[in-house]
Amino acid sequence: QITLFQIHLLTILNLYIHQLMHDYLGNFGNIGLGENVKLLPKDAEITKELMKAKILITDYSSVAYDFYYLNKPIIFFQFDREEYQKKVGSYVDLDKELFGEGVHTIRECVEKIEEITDNKFEYSPSVKENTDKMRSMFLKYTDKENCKRVYELIIKKLGEKNGKK
């Protein structure tokens, strides 16, 4: 039987640096990564990595929507939130529309990772209820029929362009 303590020891943290940042990794010298931390290459197949992952830690990346679709827990680590809001802005209300756990410090991030991991990679019931409520706001369809809808829309638009309805 594997205990939660042993699971913690077996957990691997796959770290993917944004594609645009890979060219600058050399500027950070030889950063020592723990044996449980793996830096993924620039050309890693992100979709496959997301499918394998049990939890996502991100800042503001839209990849969170892909993970949300998979119904897996997300931690939004927004250590620079104030600066980000001023310089970039957000397409969602970061106070009310995060479909996951928002944290602002390393300590909070580690605590949330431990909490979710200890709960077998599930949110607490209150967070789960909140993320489930928001699902229809961000994910109109979850029925695996998106390709069919896109195809039918293309055919419809082509028909309208050629004078058919």
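Along the sequence shown, residues carry numbers from 1.
Using a distance-only test at 3.5 Å, with no hydrogens or angles considered, no donor-acceptor pair links the side chain of E129 to the main chain of P125. Distance alone, capped at 3.5 Å, places no donor-acceptor pair between the N119 side chain and the F121 backbone.
The line from CD of E35 to CG of L13 is 13.0 Å long, rounded to the nearest 0.5 Å. Rounded to the nearest 0.5 Å, atoms NZ (K52) and CD1 (I12) are 11.0 Å apart. How far SG of C109 is from CD1 of I57: 4.5 Å, rounded to the nearest 0.5 Å. With rounding to the nearest 0.5 angstrom, the OH atom of Y16 is 12.0 Å from the OG1 atom of T58.
Using a 4.5 Å cut-off on side-chain heavy atoms (C-beta onward), E101 and E108 make no contact. K128 places a side-chain heavy atom less than 4.5 Å from the side chain of N71. In this structure, E111 and V103 have side chains that are not in contact, with every pair of non-hydrogen atoms separated by 4.5 Å or more. Contact check for L56 versus P73: no side-chain heavy atoms found under the 4.5 Å cut-off. Side-chain atoms of L98 and Q78, non-hydrogen and from C-beta on, do get closer than 4.5 Å to each other. Between L15 and L40 there is no side-chain heavy-atom pair separated by less than 4.5 Å. With contacts defined as side-chain heavy-atom distances shorter than 4.5 Å, the pair I55/K72 does not qualify. Residues F77 and I113 fail the side-chain proximity criterion, which asks for heavy atoms closer than 4.5 Å.
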- Would you please test L70 and M51 for side-chain contact (heavy atoms from CB on, under 4.5 Å) and show each step? CA-CA 8 Å; L70 295 171; M51 300 272 295; 4.1 Å; yes
- Stepwise side-chain contact (heavy atoms from CB on, under 4.5 Å) test for V127 and N130: CA-CA 5 Å; V127 174; N130 189 45; 5.6 Å; no
- Task: Output, in order, the C-alpha distance, side-chain angles, deciding distance and verdict of side-chain contact (heavy atoms from CB on, under 4.5 Å) for K42 and I17.
- Result: CA-CA 8 Å; K42 183 177 182 177; I17 304 298; over 6 Å; no
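Here the shortest heavy-atom pairing between N146 and Y141 reads OD1-CB, 3.7 Å. Here the closest heavy-atom approach between residue A64 and residue I74 is recorded as O-CD1, 3.4 Å.
Hydrophobic clustering (ILVMFWY, side-chain heavy atoms < 4.5 Å, transitive): Y151 and L158 are in distinct clusters.
E45 CD: 12 or fewer foreign heavy atoms inside a 6.0 Å radius. Surrounding CG of L153 are more than 12 heavy atoms belonging to other residues, nucleotides or ligands, all under 6.0 Å away.
In this pair, F138 and Y68 present their aromatic rings perpendicular. The plane angle is above 60°, beyond the 30 to 60° band. Ring geometry for F76 against F99 counts as perpendicular: the plane angle is over 60°, on a 0 to 90° scale with 30° as the lower cut.
Comment: R149 does not engage E152 in a salt bridge, judged by the lack of any side-chain N to carboxylate O separation of less than 4.0 angstrom.
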